[in-house]
J.: 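Handing you a structure now.
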Amino acid sequence: MAATRNVMRAVRVFEFGDPEVLKLQSDVLIPVPKENQVLIQVHACGVNPVETYIRSGNYARKPALPYTPGSDVAGVIEGVGEHVTAFKRACQSRGKCASAWCEWRSKYFEKVGIATCQIARACGLKVLGTAGTEEGKNIVLRNGAHQAFNHREANYIDKIKEHTGMEGVDIIIEMLSNVNLATDLQLLSYGGRVMVVGSRGPIEINPRDTMSKESSIIGVSLFLETEEERHECATALLDGIEAGWLKPIVGSEYPLEKVVKAHEDIIHSSGARGKMVLLP
């Protein structure tokens, strides 16, 4: 968003639906920060699949209309409300990075994002990742994975099992559970768990697959995290960036005028090559 006097540009949603409901407006009043709030001049906004679910009206938590989408933002703090006594950086993030940090204590990760690879590797885990192309596999390997597999190959599951000595993986960070969850359960080790970060619909599974290994499926959205947990997570991630072991990778960049295209691409692209962002 680019501020101009008392107004700014912003994408607004007045009704739930297809990407075309995203409307760019240039006369949105700049809000005044309320108690315990900060006002951020946004320099970049991440585009996540979850934003498309919310926009379509198919998400469990729906914002009041009209609303401005954007779960991940970075920028400069322009103003603060009452009782704001300390702040360091202007950023807001929910999702895969924080999910990875909360679940770092086991031996294997599989099917992970770039940030998850970096965090898991820094914490001493053995990291397995998947991608749909050779380029994608190379990106995964450059960002911390010990081994990468092509999930478009018919026998890639067998290759993962063989790589783990048939023991399976302890944790799977799953971003497309409506496609992969049943297979994930076959890949888990005894006592392993699937962390469901993303899903685009229902899937049928056999509950016995969880009983035989006493495994578990855990949904992750971070809506229940405490203030202390949020602070711990943010501190760890920012410290990782400063220390150099966490390196954000920017992928496709879109001007704000192309927000509809960005929402289409995040769902229909063949695979992400870094964080997709909107720029003012």
J.: If you look only at pairs with a residue in residues 128-146, which of them pass as a salt bridge (Lys or Arg N to Asp or Glu O under 4.0 Å), with sequence neighbours excluded?
T.: Glu134-Lys137, Glu135-Arg273
J.: Who are the side-chain hydrogen bond (donor to acceptor under 3.5 Å, both in side chains) partners of Thr52, not counting sequence neighbours?
T.: none
J.: Which side-chain hydrogen bond (donor to acceptor under 3.5 Å, both in side chains) pairs, counting each pair once, include a residue from residues 209-219, with sequence neighbours left out?
T.: Gln186-Asp209
J.: State which residues pass ring pair (Phe, Tyr, Trp, His ring centres under 6.0 Å) with Phe149; sequence neighbours excluded, sorted by chain then number.
T.: His163
J.: Applying side-chain hydrogen bond (donor to acceptor under 3.5 Å, both in side chains), name anything that partners Gln25, two or more places apart in sequence or on another chain.
T.: none
J.: The criterion is side-chain contact (heavy atoms from CB on, under 4.5 Å); which residues satisfy it with Glu153, sequence neighbours excluded?
T.: Asn150, Asn155, Tyr156, Lys159
J.: Listed by chain and number, what are the side-chain contact (heavy atoms from CB on, under 4.5 Å) partners of Ile205, not counting sequence neighbours?
T.: Leu181, Ala182, Leu185, Ile203, Ile217
J.: Under the criterion side chain to side chain contact (heavy atoms under 4.5 Å, CB included), which of Val260, Ile266, Ile267 is the partner of Glu264?
T.: Val260
J.: Does the Asn48 side chain pair with the main chain of Val50, one donor and one acceptor, at a distance under 3.5 Å?
T.: no
J.: Does the pair Arg55 and Glu15 meet the rule for a salt bridge (charged side-chain N to carboxylate O under 4.0 Å, His left out), with working shown?
T.: CA-CA 8 Å; Arg55 183 215 69 231; Glu15 60 179 325; over 6 Å; no
J.: When you look at Ile157 and Thr183, which way does the side chain to side chain contact (heavy atoms under 4.5 Å, CB included) test go after all the steps?
T.: CA-CA 8 Å; Ile157 296 297; Thr183 301; 3.2 Å; yes
J.: List the residues meeting side-chain contact (heavy atoms from CB on, under 4.5 Å) with Pro207, not counting sequence neighbours, and say none if there are none.
T.: none
J.: With sequence neighbours excluded, what pairs up with Glu253 under the side-chain hydrogen bond (donor to acceptor under 3.5 Å, both in side chains) test?
T.: none
J.: In chain order, what residues pass the salt bridge (charged side-chain N to carboxylate O under 4.0 Å, His left out) check against Lys161, with sequence neighbours excluded?
T.: none
J.: Report yes or no: does Arg12 contribute a side-chain atom to a donor-acceptor pair with the main-chain N or O of Lys23 at less than 3.5 Å?
T.: no
J.: Take Thr164 and Leu128, measure what side chain to side chain contact (heavy atoms under 4.5 Å, CB included) needs, and give me the verdict at the end.
T.: CA-CA 10 Å; Thr164 66; Leu128 309 183; 3.9 Å; yes
J.: For Ile172 and Asn180, what are the C-alpha separation, side-chain angles and deciding distance, and is it a side chain to side chain contact (heavy atoms under 4.5 Å, CB included)?
T.: CA-CA 10 Å; Ile172 295 176; Asn180 300 317; over 6 Å; no
J.: Could you tell me whether a side-chain N or O of Gln37 sits under 3.5 Å from a main-chain N or O of Lys34, the two making a donor and an acceptor?
T.: yes
J.: Tell me whether Asp170 is salt-bridged to Arg193, with the criterion being a basic N under 4.0 Å from an acidic carboxylate O.
T.: no
J.: Can you name the side-chain contact (heavy atoms from CB on, under 4.5 Å) partners of His146, sequence neighbours left out?
T.: Arg121, Lys126, Val127
J.: Do Ile249 and Asn143 pass the side chain to side chain contact (heavy atoms under 4.5 Å, CB included) test, and can you show the C-alpha distance, the side-chain angles, and the key distance before you say yes or no?
T.: CA-CA 9 Å; Ile249 305 298; Asn143 284 278; 3.6 Å; yes
J.: Return the OH to SG distance between Tyr254 and Cys45, rounded to the nearest 0.5 Å.
T.: 13.5 Å
J.: With Glu227, which residues qualify under salt bridge (charged side-chain N to carboxylate O under 4.0 Å, His left out), at least two apart?
T.: Arg230
J.: Take Lys275 and Asp72, measure what salt bridge (charged side-chain N to carboxylate O under 4.0 Å, His left out) needs, and give me the verdict at the end.
T.: CA-CA 10 Å; Lys275 185 67 176 181; Asp72 302 338; 2.8 Å; yes
J.: Quick check against the 3.5 Å criterion: does Glu35 have a side-chain atom that pairs as donor or acceptor with the backbone of His83?
T.: no
